[in-house]
Student: 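So that we are looking at the same thing, I have put the structure below in structure tokens.
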Amino acid sequence: MSFKRFTITAALPYANGPVHIGHLAGVYVPADIYVRYMRLQEKDVLFICGSDELGVPITLRAKKEGISPQDVVDRYHAMIAKSFEEFGISFDHYSRTSSPVHWETSSEFFKKLYQDGVFTEESSKQYFDEESQQFLADRYIQGTCPNCGFAAAYGDQCEHCGSSLSPTDLKQPKSMLSGKPPVLKETKHWYLPMDQYENWLRKYILEDHREWKTNVYGQCKSWIDQGLKPRAMTRDLDWGVPVPLEEAKGKVLYVWFDAPIGYISATKEWAKANNRNWEPYWKDSDTRLIHFIGKDNIVFHCIIFPVILKAHGDYILPDNVPANEFLNLEGDKISTSRNWAVWLHEFLEELPGKQDVLRYVLCANAPETKDNDFTWKEFQARNNNELVAIFGNFINRAVVLTHKYFDGQVPPMGKTNDLDTEILDRLAEYPVQIGGSLENFKFREALNQMMDVARMGNKYLADTEPWKVIKQDKQRVGTILNLSLQIAANLSILADPFLPRTCEKLRAILGIDKLKWADSGKQNLLQTGNQLENAALLFEKIEDSVVEQQIEKLKASKLENNPDQQVQTRPQKPEITFDDFLKLDIRIGKVVSAEKVAKSKKLLKLVVDTGLEERVIVSGIAQNYTPEQAVGQTVTVLLNLMPRKIMGIESQGMILMAEDADGRFGFLQPDKEVKPGGEVS
RNA sequence: GGCGUGGUAGCUCAGCUGGUUAGAGCGCAGGAUUCAUAAUCCUGAGGUCGGGAGUUCAAGUCUCCCCCACGCUACCA
């Protein structure tokens, strides 16, 4: 099928924090490269994005900071929009899901599906805070974990033992709004019956879109094969788009219902501002809809959103969803809460003018097929060894030589020899190659091919040695330099999607206007006699000190984070008497044998010599110790704990562990050798 | 536990439906060169293609088992 227009979306950044390099590498850089390429092709392309500003985490953050959710999203929306702008992500429109157009669009969408009888209604009992008169999101409920006894477990998860919970599991639940115990109250929600769309999804994805990236296709298949369940499209919350039904007072649309519709709302805003019609971009079958996202969004963009669109009936469906994996930073997962990230707004401030370098590095090292790692050392190396040494250097050589021998005027191309012809032939092939790679979302490959053009230029100069030939044959040198400059002019097109600012500079040096992709591959982009500007460096070397400073900064944030986590240290438990303590029989033991408990991730079955006898104790330490590492360890054992069956094995006691701030466990061991049976008091 | 994706030179990755001595870039070593931000160009070293078994005339490429990483999901509590 040939498409007339292209609607390209990039995942909506969630407005509870700034944008970091992981977002850029996974979503915005590839999307922007793709869009810039399409524009050079003179395609009708629309690039849409915006801030996702609704949902529970934002309300939590607002609460924590003592400000309103609106304050939170205003702050981050402004910050994100500004840094995208400065970085050069060329959205046609950057919107936000708190905009009136979006509320209108998403609630109309809901209404249409409701009227068409798409939703199923279901009532269930949820916790309700009587004092503040509202239903409580899972995260708003705290209580005692039924699993480990941790007193401040959340309704969806216990952060102490990691088990996932449902709010009704909690003992002594408390509302985090009023601090009072919530009551169970009946509430009704509207569900999207995903299960009814299973066959349709199978055809849509598994049959009709076999070309999707393997990670995306595989993940979709996995979801579909596991069986889809109805999913609630409404929530009891006060921060979101109100459900447009009389009987749904106080309820809002589920963020993952409204967020993707945000792409449509943004398109409407763009159309209005530019006096265009938005509808063809979403409704004409000759429009190609492409979503750039990270892997965490696959299910929403490939399954839920298409079902919503299909249920509505008037809309086209995503034709491709090129999801990337994740980018790590210096070996660790990027984490907003732990401040382990390179934030875009800080990068722009601390390394001014280095936008294209970051684009280059993130593209060259994009997590296209698997998670990848960003290191500052690599950032420096790619800049110095590739951008400076290959790309910048080639341009500089060609321009400097032209100034030296021809006063900066493009010399005529005389008779071409075999080598020249070969170079010109290859030059004509690159646009096809690079374009092909880009169209297949192989950005790394495309970038590499683009750099090959510069490599070819360097080799051509080395092979023809104009600085030697000039002594005998100036005309020949003219041909060599003309050809070299034509390569440079071609680069100003071929590199433009990747390095837009650089190409602007390059065009200024060459004295040409912005060209189209269709011009690339040609050997006459520069006219003879065209006056060049003086050579200006396109890239500068990055010194060790610059990257060392960034590495130091990261190290510092790692240190800062520890005290931060200690803030979360649990408060002291209620006072006990000495007699209480005496009830505990704690002794030193030695691990005799250890094996993994089948079907469990965390549990090890240990046999421990307690001095009295050998006992079986099940312990949740498998993520910190292999059975081999555990055997032979001296451990501290709570001996007289009531035996309990864990996954079918009776555990006769408990191994005492010390837990670090990062969640790792360590055995509690005496600093001097103590034989099994030694008492702890 | 189930499912998905990945595991190929020091690093980052190509290797299509199985077929001659497994490739590229960066890094490294040696050489050439000086127009260029000591940049460039050439040459070279370096891989039992995660491990094991199997199918085949032939396997990185297919099948089975196992290990590791990341993700999704379930069960147990």
Side-chain angles (χ1 to χ4, degrees), chain A residues 145-149 158 161-165 169 213-227 229 294-299 303 323-328 333 361 364-375 377-378 380-405 437 442 444-445 447-449 451-452 454-470 477 480-481 484 535-543 596-603 618 620 626 644-649 651:
Chain A
C145 174
N147 211 7
C148 68
C158 171
C161 68
S163 49
S164 58
L165 305 169
D169 293 339
K213 288 177 63 172
T214 50
N215 58 338
V216 177
Y217 187 92
Q219 186 66 60
C220 289
K221 186 172 180 341
S222 174
W223 275 88
I224 295 171
D225 285 347
Q226 273 174 35
K229 288 179 203 144
K295 66 173 164 186
D296 50 333
N297 275 193
I298 290 174
V299 65
I303 311 263
N324 274 337
E325 304 281 310
F326 285 154
L327 188 69
N328 293 329
K333 276 186 197 182
V361 174
N365 194 27
E368 278 177 13
T369 52
K370 63 172 185 191
D371 290 1
N372 253 336
D373 196 28
F374 175 94
T375 64
K377 231 184 98 199
E378 189 191 345
Q380 181 191 28
R382 290 223 185 245
N383 179 76
N384 293 356
N385 305 332
E386 298 178 29
L387 289 176
V388 172
I390 297 169
F391 192 107
N393 187 225
F394 166 64
I395 302 295
N396 193 237
R397 296 172 82 185
V399 173
V400 165
L401 286 168
T402 306
H403 275 285
K404 202 159 188 168
Y405 302 142
S437 297
K442 294 187 172 177
R444 277 192 315 224
E445 186 177 273
L447 184 73
N448 210 21
Q449 289 163 346
M451 289 300 282
D452 280 343
R455 287 191 183 98
M456 179 176 82
N458 276 318
K459 181 165 164 51
Y460 178 69
L461 285 177
D463 289 347
T464 54
E465 299 183 304
W467 50 91
K468 278 189 184 166
V469 177
I470 192 69
V477 172
I480 293 168
L481 290 181
S484 301
L537 295 181
L538 293 178
F539 302 100
E540 287 169 352
K541 283 205 148 201
I542 292 174
E543 300 301 327
K596 276 200 166 171
V597 175
K599 287 193 174 196
S600 135
K601 240 183 215 171
K602 293 182 178 172
L603 301 182
V618 178
T626 63
R644 174 178 170 191
K645 268 203 171 179
I646 300 173
M647 298 199 68
I649 304 164
S651 180

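Worth saying up front: this structure is predicted, and the values here are computed from it rather than measured.
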Student: Rounding to an integer number of Å, can you tell me how far A:Ile224 CD1 sits from B:U73 P?
Tutor: 15 Å
Student: Report yes if some heavy atom in the side chain of A:Asn384 is under 4.5 Å from a heavy atom in the side chain of A:Ile542; otherwise report no.
Tutor: yes
Student: Can you tell me the pairing partner of B:U33 across any strand shown, Watson-Crick or G-U wobble, with both distances under 3.5 angstrom?
Tutor: none
Student: In Watson-Crick or G-U wobble terms, both distances under 3.5 Å, what is the partner of B:G1?
Tutor: B:U73
Student: Considering only side-chain heavy atoms of A:Trp467, which listed nucleotide, B:G71, B:U34, B:C13, is closest?
Tutor: B:U34
Student: I need the CG-C1' distance between A:Asn324 and B:C70, as an integer number of Å.
Tutor: 14 Å
Student: Is there a side-chain contact between A:Ile395 and A:Phe391, using heavy atoms and a 4.5 Å cut-off?
Tutor: yes
Student: When you measure from the side chain of A:Lys213 to the backbone N and O of A:Ala323, does any donor-acceptor pair fall under 3.5 Å?
Tutor: yes
Student: Take atom CD of A:Glu543 and atom P of B:U37, then tell me their distance rounded to the nearest Å.
Tutor: 15 Å
Student: Would you mind pulling out the nucleotide paired to B:A38, Watson-Crick or G-U wobble, both distances under 3.5 Å?
Tutor: none
Student: Roughly, in whole Å, what's the span from CG in A:Leu387 to C1' in B:A36?
Tutor: 16 Å
Student: How close do A:Ile480 and A:Leu461 get, heavy atom to heavy atom, and via which atoms?
Tutor: CG2-CD2, 4.3 Å
Student: With respect to the side chain of A:Phe539, which nucleotide from B:U33, B:A14, B:U37 is positioned closest?
Tutor: B:U37
Student: Output yes when at least one side-chain N/O atom of A:Asn385 is less than 4.0 Å from OP1 or OP2 of B:G27, else no.
Tutor: yes
Student: Rounding to the closest angstrom, what is the interatomic distance between B:C26 and B:C41 at atom P?
Tutor: 8 Å
Student: Heavy-atom nearest nucleotide on RNA chain B for A:Val400 versus A:Lys541: which residue maps closer to 5'?
Tutor: A:Val400
Student: Quick one: look up who B:G60 pairs with, Watson-Crick or G-U, both distances under 3.5 Å, and put none if it's unpaired.
Tutor: none
Student: If only side-chain N and O atoms of A:Arg397 are considered, is one of them under 4.0 Å from the OP1 or OP2 phosphate oxygen of B:A39?
Tutor: no
Student: Expressed as a whole number of Å, how far does the P atom of B:G4 sit from that of B:C13?
Tutor: 22 Å
Student: Output the residues of residues 458-466 of chain A in contact with RNA chain B, where contact means a heavy atom of the residue under 4.0 Å from an atom of the strand; sort by number or write none.
Tutor: A:Asn458, A:Lys459, A:Ala462
Student: Could you tell me whether A:Ala389 contacts a base, only the sugar-phosphate backbone, or nothing, with contacts defined as non-hydrogen atoms closer than 4.0 Å?
Tutor: sugar-phosphate
Student: Tell me, please, which residues at least two apart from A:Glu378 pass salt bridge (Lys or Arg N to Asp or Glu O under 4.0 Å).
Tutor: A:Arg382
Student: What nucleotide, of B:U33, B:C26, B:U12, holds the atom closest to the side chain of A:Asn372?
Tutor: B:U12
Student: Tell me what A:Leu538 touches on the nucleic acid: a base, only sugar-phosphate, or nothing, going by heavy atoms under 4.0 Å.
Tutor: base
Student: Would you call A:Gln219 and A:Val216 a side-chain contact if the rule is heavy atoms closer than 4.5 Å?
Tutor: no
Student: In the strands shown, is B:C16 matched to any nucleotide by a Watson-Crick or G-U wobble pair with both distances under 3.5 Å, and which?
Tutor: none
Student: Which residues pass the ring pair (Phe, Tyr, Trp, His ring centres under 6.0 Å) test with A:Phe374, not counting sequence neighbours?
Tutor: A:Trp376
Student: Could I get a table of every N or O pair under 3.5 Å where one atom is in the protein and the other is in nucleotides 3-7 of chain B?
Tutor:
from : atom 1 : to       : atom 2 : distance (Å)
B:C3 : O2'    : A:Ser222 : OG     : 3.1
B:G4 : O2'    : A:Gln219 : N      : 3.3

Student: Taking only residues two or more places apart in sequence or in another chain, which ones pass side chain to side chain donor-acceptor pair (under 3.5 Å) with A:Arg444?
Tutor: none
Student: Using the P atoms only, state how far B:C64 lies from B:G25, rounded to an integer number of Å.
Tutor: 36 Å
Student: Can you tell me how far C1' of B:U40 sits from CE of A:Met451, to the nearest Å?
Tutor: 13 Å
Student: In whole angstrom, what separates A:Leu401's CG from B:C35's P?
Tutor: 9 Å
Student: Which nucleotide, if any, forms a Watson-Crick or G-U wobble pair with B:U48, using both distances under 3.5 Å?
Tutor: none
Student: Kindly give the heavy-atom pair with the smallest separation between A:Ala389 and A:Asn458, and that separation in Å.
Tutor: O-ND2, 4.1 Å
Student: Sticking with atom C1', work out how far B:U63 lies from B:U56, rounded to a whole angstrom.
Tutor: 12 Å
Student: According to side-chain contact (heavy atoms from CB on, under 4.5 Å), who are the partners of A:Ile224, at least two apart in sequence or on a separate chain?
Tutor: A:Glu198, A:Leu201, A:Arg202, A:Ile205, A:Leu206, A:Ile303
Student: Rounding to the closest angstrom, what is the interatomic distance between B:G54 and B:C16 at atom C1'?
Tutor: 25 Å
Student: Identify, between A:Asn365 and A:Glu386, the residue whose nearest nucleotide on RNA chain B lies closer to the 5' end.
Tutor: A:Asn365
Student: Roughly how many Å is it from OH in A:Tyr405 to P in B:U34, rounded to a whole number?
Tutor: 11 Å
Student: Counting only heavy atoms not in A:Lys295, do more than 12 fall under 6.0 Å of its NZ?
Tutor: yes
Student: When the P atoms of B:A22 and B:G46 are considered, how many whole Å apart are they?
Tutor: 13 Å
Student: Any strand is fair game: report the nucleotide pairing with B:G6 by Watson-Crick or G-U wobble, both distances under 3.5 Å, or none.
Tutor: B:C68
Student: Return the value, rounded to whole Å, for the distance between atom CG of A:Asn393 and atom C1' of B:C26.
Tutor: 16 Å
Student: Using atom P of each nucleotide, how far apart are B:A9 and B:G50 to the nearest Å?
Tutor: 8 Å
Student: Taking A:Asn396 for its side chain and A:Leu537 for its backbone only, find out whether a donor-acceptor pair lies under 3.5 Å.
Tutor: no
Student: Check every atom of B:C35, B:C13, B:U40 against the side chain of A:Lys404 and return the nucleotide holding the closest atom.
Tutor: B:C35
Student: Please work out if A:Asn384 contacts a base, only the sugar-phosphate, or nothing of the nucleic acid, heavy-atom cut-off 4.0 Å.
Tutor: nothing
